Trainee: 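After the structure tokens below, expect a handful of questions from me.
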There are 2 protein chains.
Amino acid sequence: MSSNRIKQVSSVDVARLAGVSRAAVSRTFSNNGYVSDVTREKVMLAAKQLGYRVNHLARSLNRQRSDLIGLVVADLENPFRSQQINDLSEAILAKNYRPFLIPTSVARDSTQVIEMLMHYCVSGVIITSDTPPEDIYKNCIEQSVPVVLINKKDKYPQVDRVVCDNEKGIALLVEAFVQRSCKRVVIIGSEAVSYSIQMREALFKEQAAQAGIETDTILGPNHDYQGGVVAANILSNQANLPEGVFCCNDYLALGVIDQLRERIGHTETEKIAIAGFDDMQQASWKSYQLTTIRQPTQDMASQTINLLVSRIGDPEQASRTYRTDVFLVKRTSL
Amino acid sequence: MSSNRIKQVSSVDVARLAGVSRAAVSRTFSNNGYVSDVTREKVMLAAKQLGYRVNHLARSLNRQRSDLIGLVVADLENPFRSQQINDLSEAILAKNYRPFLIPTSVARDSTQVIEMLMHYCVSGVIITSDTPPEDIYKNCIEQSVPVVLINKKDKYPQVDRVVCDNEKGIALLVEAFVQRSCKRVVIIGSEAVSYSIQMREALFKEQAAQAGIETDTILGPNHDYQGGVVAANILSNQANLPEGVFCCNDYLALGVIDQLRERIGHTETEKIAIAGFDDMQQASWKSYQLTTIRQPTQDMASQTINLLVSRIGDPEQASRTYRTDVFLVKRTSL
DNA sequence: TTGTATGCGTTATCAT
DNA sequence: ATGATAACGCATACAA
């Protein structure tokens, strides 16, 4: 008789071969409870011979936690976003958890996301979409699943946040515009909802005013390359061009630069001081050389998982906010 | 007494409330076996009241398959790669499987990747790294875990492949160079190992020769932006510049264009016909307007998951190769 | 230090 | 069509 499904080697097989009990095997592999050196040796040997691996499904079922971390993410096509995901999944693995990727498109509503998270008993959830439906994390805390929000506005009991220091970043940029003695700067934002974008827009307006800089705001339909293109079209139609342009993120900035060059030419564009925010990879490309604010994605990632692990250990603690440090990356665009 | 762990509502709770057996609950939710309409109604009602969700951990343990698809991926910072991941994870979800993200960095060796895959009893594996250590998929087929390789060379019994039609793509490009009546074209490749890159390099050389085009090859250290920059430096030092440049992927091409502009100026660069391959998002940016070959990532993704699902259903079938269609995206660079 | 027994939540088999 | 029961593989409380 041939079963098409290969019988998985389990702890009983190892126990039998090693001449010990299943419990001994379990203890050696979970590093829990007492097990003598000689027993451990026997178990390890038998395990190696049989090619035994702990079944995490069974372990999770028993322990009532999966060590899976739900990674709820939108806009994976955004290079800055994929940078975040890269660093986050590395950080998750470094802490011995596993990343469970959940892309949220417009097509998939939050209910399905929640279902997926719950079906697999995730140990925690990281949300890094621009506009995370709040039912997602409300549901999570209701089921007492720890949540960390990245660059999100909402304060919510029992959910932690990691945000980048927009205040400091904007201050650095305003100072840079001041040093270029810009009297008027146009802010490029987005109509689409995003905590980061809208906050930076407001902060820049405020801090620029204090520095005696006149501002004006143009919104693209979105905060991506195409949004920047649209905004630049509007900008280039204005009677007089500003001395400076601040784009609420790099993605917008690249579109703005490209379209400005097309509309008013390279040399005219070069006269305008342009800055972005995030320091995505493409900002350093020679076609752009964009002056911007670096968001340290690795630090952000490790702090995120730190908060999450800490909350998994103690779910009841008060919510915390970690603010990542930022700094100015000065290139030729400003 | 207060247990800090909330008791998860299970099928027994639903069964009790609905006044039926656990089996009935199981059958309604797994759509397996007979269940009368009235019973189903009762079960669904009770489930809703209790907020019951099937525990996929337990289900997987019982069924001996997790419905998790391991997504083994390197270079997530590469925008084309993240595009692939985006489409793949969508396709996986569409087929009711779950993406299990496994980034492979240099730091993490293949053993750990294999361990992760096996620990979670993944139902299948998709590998889309440039240089997948072959022990990964050897191990997989040894444990009879279905594997699909994307744009990889290796033919291996029982593993399927999805490759893009490099032959056709190169043919289209060579024809474009011919129409521009280029007599000499420099090929920009990479020293780093990559099936796609090296294959395109060889194909272009061969097909160009047949078309009477003289070729010359320059290798960057890597097939990314920086690699293109390095290659362009070498190129610009050559005695006489070629009429055309073919870069084995867009990522290289963008670096080549930028560095060429810096070294020989915009106008000189414009005289050179430049083409890439992949059609990554940035290729369409106005600074580049790169003529290239479109790899249809969505089609690729859905074919990949189709092959995988089919093999999950019948693991013993002979290996297949699906070749995705490609087409020329003509922009101003050529 | 080790072994025994029980439970985690589901599904599949076999009766009824 | 429905219900009891035995797995699935592991971890732990308890006894020894």
Side-chain angles (χ1 to χ4, degrees), chain A residues 3-44 46-47 50-68 118-123 143, chain B residues 1 3 5-44 46-47 50-68 118-123 143:
Chain A
S3 115
N4 69 339
R5 211 27 182 151
I6 284 167
K7 175 73 171 60
Q8 178 173 351
V9 6
S10 75
S11 58
V12 289
D13 303 313
V14 177
R16 185 159 33 225
L17 181 57
V20 298
S21 71
R22 296 183 327 219
V25 178
S26 170
R27 282 193 274 258
T28 57
F29 279 98
S30 59
N31 291 329
N32 247 344
Y34 301 106
V35 45
S36 71
D37 287 353
V38 345
T39 306
R40 159 167 280 120
E41 286 301 321
K42 285 194 292 187
V43 169
M44 293 305 265
L50 266 51
Y52 168 73
R53 304 183 226 255
V54 176
N55 184 331
H56 280 202
L57 261 30
R59 165 180 287 183
S60 301
L61 179 60
N62 180 296
R63 290 193 185 172
Q64 302 273 66
R65 38 169 264 248
S66 65
D67 289 359
L68 254 29
M118 298 312 167
H119 279 321
Y120 278 94
C121 311
V122 294
S123 296
Q143 315 277 332
Chain B
M1 62 142 282
S3 114
R5 207 37 182 141
I6 284 167
K7 175 71 172 61
Q8 178 174 349
V9 7
S10 75
S11 59
V12 288
D13 303 313
V14 177
R16 185 159 34 219
L17 181 58
V20 299
S21 70
R22 295 182 328 212
V25 179
S26 170
R27 280 192 278 259
T28 56
F29 279 98
S30 59
N31 292 329
N32 245 345
Y34 301 106
V35 47
S36 71
D37 286 353
V38 349
T39 308
R40 161 166 278 121
E41 286 301 323
K42 286 193 291 184
V43 169
M44 292 306 263
L50 268 48
Y52 168 75
R53 304 183 225 256
V54 176
N55 183 331
H56 280 201
L57 261 29
R59 166 180 288 182
S60 301
L61 180 61
N62 182 292
R63 289 192 180 169
Q64 302 274 64
R65 38 168 264 248
S66 65
D67 288 358
L68 255 27
M118 297 313 167
H119 279 320
Y120 279 93
C121 311
V122 294
S123 296
Q143 315 277 331

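Since this is a predicted model, take the numbers as computed values, not measurements. Lettering follows sequence order; numbering is per chain, from 1.
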Trainee: OP1, OP2 of C/dG9 versus side-chain N and O of A/Gln64: anything below 4.0 Å?
Mentor: yes

Trainee: For A/Val12, report the nucleic acid contact type (base, sugar-phosphate, nothing); a contact means any heavy atom under 4.0 Å.
Mentor: nothing

Trainee: Starting at the 5' end of DNA chain C and moving along, which residue's nearest nucleotide shows up first, B/Tyr52 or A/Arg40?
Mentor: A/Arg40

Trainee: What distance do A/His119 atom NE2 and A/Ser66 atom OG have between them, rounded to the nearest 0.5 Å?
Mentor: 13.5 Å

Trainee: Does B/His56 reach the side chain of B/Asp67, with side-chain heavy atoms less than 4.5 Å apart?
Mentor: no

Trainee: If you take any heavy atom closer than 4.0 Å to DNA chain D, which residues from residues 23-32 of chain B end up in contact?
Mentor: B/Ala23, B/Ala24, B/Arg27

Trainee: Rounding to an integer number of Å, can you tell me how far A/Arg22 CZ sits from C/dC8 C1'?
Mentor: 14 Å

Trainee: Can you find a donor-acceptor pair, distance only, under 3.5 Å between B/Arg65 side chain and C/dT11 base?
Mentor: no

Trainee: Please identify the 5'-most and 3'-most nucleotides of DNA chain D with any atom under 4.0 angstrom from a heavy atom of chain B.
Mentor: D/dA1 to D/dG9

Trainee: Quick one: CZ on A/Arg59 to CD on A/Gln64, what's the gap to the nearest 0.5 Å?
Mentor: 14.5 Å

Trainee: Give one of base, sugar-phosphate or nothing for B/Arg53, where a contact means two heavy atoms less than 4.0 Å apart.
Mentor: sugar-phosphate

Trainee: For B/Asp13 and C/dG7, give me the distance from atom CG to atom P, rounded to whole Å.
Mentor: 15 Å

Trainee: A side-chain contact here means heavy atoms from C-beta on lying under 4.5 Å apart; do B/Met44 and B/Phe29 qualify?
Mentor: yes

Trainee: Below 4.0 angstrom from OP1 or OP2 of C/dG9, is there any side-chain N or O of B/Ser11?
Mentor: no

Trainee: Please report the interatomic distance CZ(B/Arg53) to CD(B/Gln8), rounded to the nearest 0.5 Å.
Mentor: 9.5 Å

Trainee: Starting from P on C/dC8, measure out to CG on B/Leu61 and report it in whole angstrom.
Mentor: 14 Å

Trainee: By the 4.0 Å heavy-atom rule, please label B/Val20 as base, sugar-phosphate, or nothing.
Mentor: sugar-phosphate

Trainee: What is the distance, rounded to the nearest whole Å, between atom CG of A/Asn62 and atom P of C/dA5?
Mentor: 18 Å

Trainee: Checking side-chain contact (heavy atoms from CB on, under 4.5 Å) between B/Lys42 and each of B/Leu17, B/Thr28, B/Val20, which is the one that passes?
Mentor: B/Val20

Trainee: Taking atom C1' of C/dC8 as reference, at what distance in whole Å does atom CZ of B/Arg59 sit?
Mentor: 16 Å

Trainee: Compare all side-chain heavy atoms of A/Ser10 with those of A/Asn55 and state whether any distance is below 4.5 angstrom.
Mentor: no

Trainee: Once you round to the nearest 0.5 Å, how far does SG of B/Cys121 lie from CG of B/Leu61?
Mentor: 8.0 Å

Trainee: Rounded to the nearest Å, what distance is computed from the NE2 atom of residue A/His119 to the C1' atom of nucleotide C/dG9?
Mentor: 14 Å

Trainee: How do B/Asp37 and B/Arg63 order along DNA chain D: which one's closest nucleotide is nearer the 5' end?
Mentor: B/Asp37

Trainee: Answer yes or no: is there a side-chain heavy-atom contact under 4.5 Å between B/Asp13 and B/Arg16?
Mentor: yes

